[in-house]
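Computed from a predicted model, the values in this text were never measured in an experiment. Both ligands and their constituent atoms are indexed starting at 1 by order of listing.
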Amino acid sequence: MLNFELYNPVNYIFGKDQIAKLSELVPANSKVLMAFGGGSIFKNGVYEQVKNALKGFEIVEFGGIEPNPRFETLMKAVQIIREQKIDFILAVGGGSVIDGVKFISAAVNFDGNEEDILRKRILFKDTKAVVPFGTVLTLPATGSEMNSGAVVTIEATQEKLTLGGSALFPRFSIVDPTVITSLPKRQLQNGVVDAFTHVMEQYLTFPHDALLQDRLAESILKTLIEVGPSVVENPGDYKLASNFVWCATMALNGLIQKGVPSDWATHMIGHELTALYEIDHARTLAIIGPNLYKVMFETKKDKLAQYGERVWNISRNTVDETAHQAIEKTIEFFHIMGMKTKISENAENIENTADFIVNRFEERGWKGLGEKQNITLEKVREIVEMSY
Ligand code: NZQ
Ligand code: ZN
């Protein structure tokens with residue numbers, strides 16, 4: 001097993017009627033920026049619950065954070081915080097709002113061009129240098145409620161870039177599974193597939209010594225397969241909802257990543273598809289993931305076979321056969337979850353996609369991606385072209 005440090009300071013509060021606890025969680029006497037998205041919280045009662053819980057606090061509202069949050073929008077919130085001396089930020093929303101708040105938190109006291117936070121991938125480690133924040137999660141998918149990473153798009157240049165660091169964990173996250181009842185089916189489907197792929201990025205590499213991490217990863221995958229198709233039809237079923245939501249957090253709160261190699265190339269390529277065509281994050285993963293497993297078959301086939309046997313109960317023939325069947329099972333599952341697994345089914349005028357992505361990775365100096373750094377730019381091209 002590889003050496004690791006496990007640090008996760010998030011006070012994670014899970015269950016029904018937990019939003020009321022905000023009054024105890026937000027530091028007393030703080031002036032709060034309440035950040036949210038396009039307005040779903042006004043329709044499902046979350047806004048009212050938050051406002052009721054925070055009676056007596058001075059609150060400045062900042063709405064309009066987009067799905068795939070934009071640097072340009074977030075900088076407006078940064079200005080408000082600087083001008084109005086706000087001491088705490090509350091993110092109320094899905095991954096986009098939470099990620100946006102992580103950027104805002106980091107940018108307020110940043111000395112320099114704020115685009116550099118994204119372009120130079122500066123790590124934020126000093127909690128005193130960022131504005132503290134908490135979250136009320138409304139969409140299970142990204143794990144952003146319990147991790148310290150974020151993804152932000154610079155609209156002007158169509159770049160979707162990451163930021164993070166140990167100072168950017170939420171102080172607390174309130175995760176009430178009943179909030180998913182108002183989610184459109186498409187977003188529920190996205191949540192299952194995003195969480196599933198997060199596990200795959202950290203699991204589907206090569207066989208190694210971290211036995212427990214493998215079993216944890218497989219349990220999350222199996223639970224998502226068990227509840228995913230039903231929860232999108234029946235999000236009001238608390239058993240299904242609570243298991244789905246907890247899987248999504250567990251998939252990317254750092255635990256299963258400890259001591260193991262990880263891949264993340266599906267996400268790197270997927271982010272470019274969102275930046276180019278605004279395809280939903282999860283849908284880019286469903287397009288790229290299986291083709292990446294095919295192109296990187298020789299590297300990944302032993303782990304694919306383990307995944308096939310343990311997660312899909314494929315009885316072993318040869319390693320190659322089990323591995324191929326496991327990829328087919330994954331595609332089948334994504335189709336059951338409502339994904340269209342070709343770029344051309346999700347966007348138009350896509351002929352130059354591979355050139356664009358390969359050029360961009362070249363400009364960034366990226367030579368090899370994946371757990372063995374052997375997903376070269378030629379392989380990236382092959383994966384993207386296979387996905388047309
Ligand atoms: O904006 P509002 O009106 O709130 O509507 C949102 C949005 O349109 C809606 N929604 C959210 N909760 C709802 C709801 N509608 C009804 N009822 C509710 N309870 O859903 C839409 C999508 O929301 P968004 O936050 O964009 O979705 P998601 O949580 O999937 O986040 C996606 C973003 O997270 C990034 C993605 O790249 C993408 O930008 N990721 C962040 C990660 C992280 N921080 O660790 C990891 C992930 O791999 C991912 O990259
Ligand atoms: Zn993701």
**Study point:** Shortest reach to atom 10 (N) of ligand 1 by a heavy atom, considering only Leu183, Val97, Val92
**Key:** Leu183

Review point. Which residue from Ser96, Ala91, Gly270, Ala141 reaches closest to atom 31 (O) of ligand 1 through any of its heavy atoms?
Key: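 It is Ser96 whose heavy atom sits nearest to atom 31 (O) of ligand 1.
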
Review point. Quick one: is the NZ or CZ of Lys31 closer than 6.0 Å to the six-membered ring centre of Phe88, and within 45° of its axis?
Key: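 Negative - Lys31 is either too far from the ring of Phe88 or too far off its axis.
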
Among all protein heavy atoms, pick the one closest to [atom] and tell me residue, atom and distance.
| atom | answer |
| --- | --- |
| atom 27 (O) of ligand 1 | Leu139 CD1, 3.3 Å |
| atom 47 (C) of ligand 1 | His198 NE2, 3.4 Å |
| atom 49 (C) of ligand 1 | His281 NE2, 3.3 Å |
| atom 29 (O) of ligand 1 | Gly95 N, 2.7 Å |
| atom 34 (O) of ligand 1 | Thr142 CG2, 3.3 Å |
| atom 11 (C) of ligand 1 | Thr138 OG1, 3.5 Å |
| atom 8 (O) of ligand 1 | Pro67 CG, 3.8 Å |
| atom 38 (C) of ligand 1 | Asn68 OD1, 3.4 Å |

Review point. How are the rings of Phe103 and Phe71 set to each other: parallel, tilted or perpendicular (split at 30° and 60°)?
Key: perpendicular

Review point. Is there a donor-acceptor contact under 3.5 Å linking the side chains of Ser96 and Glu66?
Key: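 Looking only at side-chain atoms, Glu66 and Ser96 do not form any donor-acceptor pair under 3.5 Å.
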
Point to revise | Distance-only donor-acceptor check, side chains Asp320 and His324, under 3.5 Å | key: no

**Study point:** Atoms named by residue and atom, protein N, O or S, within reach of the Zn ion (ligand 2) (under 2.8 Å)
**Key:** Asp194 OD1, His198 NE2, His267 NE2, His281 NE2

Review point. Which one of Asn11, Asn253, Thr249, Thr135 satisfies the side-chain hydrogen bond (donor to acceptor under 3.5 Å, both in side chains) criterion with Ser173?
Key: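 Going through the options one by one, the only one that passes is Thr135.
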
Counting only heavy atoms closer than 4.0 Å, does ligand 1 sit against the backbone of [X], its side chain, both, or neither?
| X | value |
| --- | --- |
| Asn44 | side chain |
| Leu252 | side chain |
| Lys43 | neither |

Those atoms of ligand 1 less than 4.0 Å from some heavy atom in [X]:
| X | value |
| --- | --- |
| Ser182 | 16 (C), 17 (N), 18 (C), 19 (N) |
| Ser40 | 2 (P), 3 (O), 4 (O), 5 (O), 10 (N), 13 (C), 14 (C), 15 (N), 16 (C) |
| Asp99 | 34 (O), 35 (C), 40 (N), 41 (C), 42 (C), 43 (C), 44 (N) |
| Gly37 | 1 (O) |
| Val179 | 19 (N) |
| His271 | 37 (O), 50 (O) |
| Lys160 | 36 (C), 37 (O), 38 (C), 39 (O) |
| His267 | 48 (O) |

Under 4.0 Å between a side-chain nitrogen and a carboxylate oxygen: does that hold for [X] and [Y]?
| X | Y | result |
| --- | --- | --- |
| Glu226 | Lys239 | no |
| Glu362 | Lys367 | no |
| Glu272 | Arg360 | yes |
| Lys120 | Glu115 | no |

Exercise for review: Only one of Ile41, Asp176, Leu25, Leu90 passes side chain to side chain contact (heavy atoms under 4.5 Å, CB included) with Val136; say which it is.
Suggested key: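 Single pass found, and it is Leu90.
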
Exercise for review: Could you say whether the N/O atoms of Val151 and ligand 1 ever approach to under 3.5 Å?
Suggested key: no

Review point. Would you say ligand 1 has an N or O under 3.5 Å from any N or O of Gly38?
Key: yes

Review point. Does a sphere of radius 6.0 Å around CD in Glu48 hold more than 12 heavy atoms from other residues, nucleotides or ligands, not counting ones at 6.0 Å or beyond?
Key: no

Review point. Between the side chain of Thr178 and the main-chain N/O of Lys16, is any donor-acceptor distance below 3.5 Å?
Key: no

Check your understanding: Is the side chain of Glu233 donor-acceptor paired with the backbone N or O of Pro229 at a distance under 3.5 Å, no angle test?
Key ->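 Pair absent, no side-chain N/O of Glu233 close to backbone of Pro229.
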
